[in-house]
Amino acid sequence: IVIFGGTFDFFYTDINLTEFSEGKKNSVNFFHNSKRIYIDAYHPSLRGIPKRLLEESIERTRATHSWEYREMYYNDIVEAVKQWSK
């Protein structure tokens, strides 16, 4: 499991993504195969979670507070890993 904390763009060309499938879990994009998952994320304590990234989650839960956005973001990462590990 590799979680890029805002650095995915720096490594994108070094990773052969032709061997990976692409996925999305609300606010998180990821690339996976049977051995690895790369999660394109950022460290939410460095900046607020942009509302535009969570529009689907916000509509789903009607969350309005920053901590709720963060919780959804964290849960999206966990759910992406769970989906991959099945």
Side-chain angles (χ1 to χ4, degrees):
I1 300 170
V2 179
I3 301 175
F4 290 93
T7 59
F8 184 74
D9 292 340
F10 296 110
F11 295 96
Y12 183 81
T13 56
D14 296 329
I15 301 170
N16 184 5
L17 291 178
T18 59
E19 301 173 3
F20 291 78
S21 299
E22 187 173 356
K24 181 169 176 63
K25 195 68 176 168
N26 296 318
S27 63
V28 176
N29 295 317
F30 59 95
F31 302 87
H32 60 94
N33 63 17
S34 62
K35 296 181 181 181
R36 288 201 175 119
I37 181 170
Y38 295 114
I39 300 176
D40 182 11
Y42 58 87
H43 199 291
S45 70
L46 297 178
R47 60 181 181 176
I49 297 171
K51 187 174 179 179
R52 64 180 173 75
L53 292 178
L54 295 172
E55 287 176 357
E56 293 173 18
S57 297
I58 292 167
E59 287 180 18
R60 184 183 50 196
T61 64
R62 303 279 185 213
T64 57
H65 300 291
S66 178
W67 66 268
E68 289 173 312
Y69 296 150
R70 290 175 191 266
E71 183 177 11
M72 283 186 285
Y73 178 73
Y74 302 144
N75 286 337
D76 287 345
I77 293 172
V78 170
E79 291 301 317
V81 172
K82 284 182 179 178
Q83 180 180 329
W84 164 72
S85 65
K86 288 183 180 182

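Nothing here was measured: the structure is a model prediction, and the numbers come from that model.
Using a 4.5 Å heavy-atom threshold, the side chains of Ile39 and Val81 count as touching.
Expressed to the nearest 0.5 Å, how far CZ of Phe8 lies from CD1 of Ile15 amounts to 5.0 Å. Note that the OH atom of Tyr73 and the NZ atom of Lys25 stand 15.0 Å from one another [nearest 0.5 Å]. The distance from the OH atom of Tyr12 to the CZ atom of Phe4 is 12.0 Å, given to the nearest 0.5 Å. Atom-to-atom distance recorded for Ile77:CD1 and Met72:CE is 13.0 Å, nearest 0.5 angstrom. Atom CD of Glu22 sits about 9.5 Å away from atom CG of Asp40, to the nearest 0.5 Å. A distance of 8.5 Å separates OG in Ser85 from CD1 in Ile37, rounded to the nearest 0.5 Å.
In terms of hydrophobic clustering, with Ile, Leu, Val, Met, Phe, Trp and Tyr side chains grouped at heavy-atom distances under 4.5 Å, Phe31 and Phe11 are assigned to a common cluster. Linking Ile, Leu, Val, Met, Phe, Trp and Tyr whenever their side-chain heavy atoms come within less than 4.5 Å puts Val2 and Phe20 in one cluster.
Trp84 places a side-chain N or O within 3.5 Å of a backbone atom of Asn33 that can act as its donor or acceptor partner.
For the pair Gln83 and Phe30, the tightest heavy-atom approach, listed with the atom from each and the gap, is NE2-CZ, 4.0 Å.
Applying the salt bridge (Lys or Arg N to Asp or Glu O under 4.0 Å) rule to pairs touching residues 2-20 yields nothing, sequence neighbours excluded.
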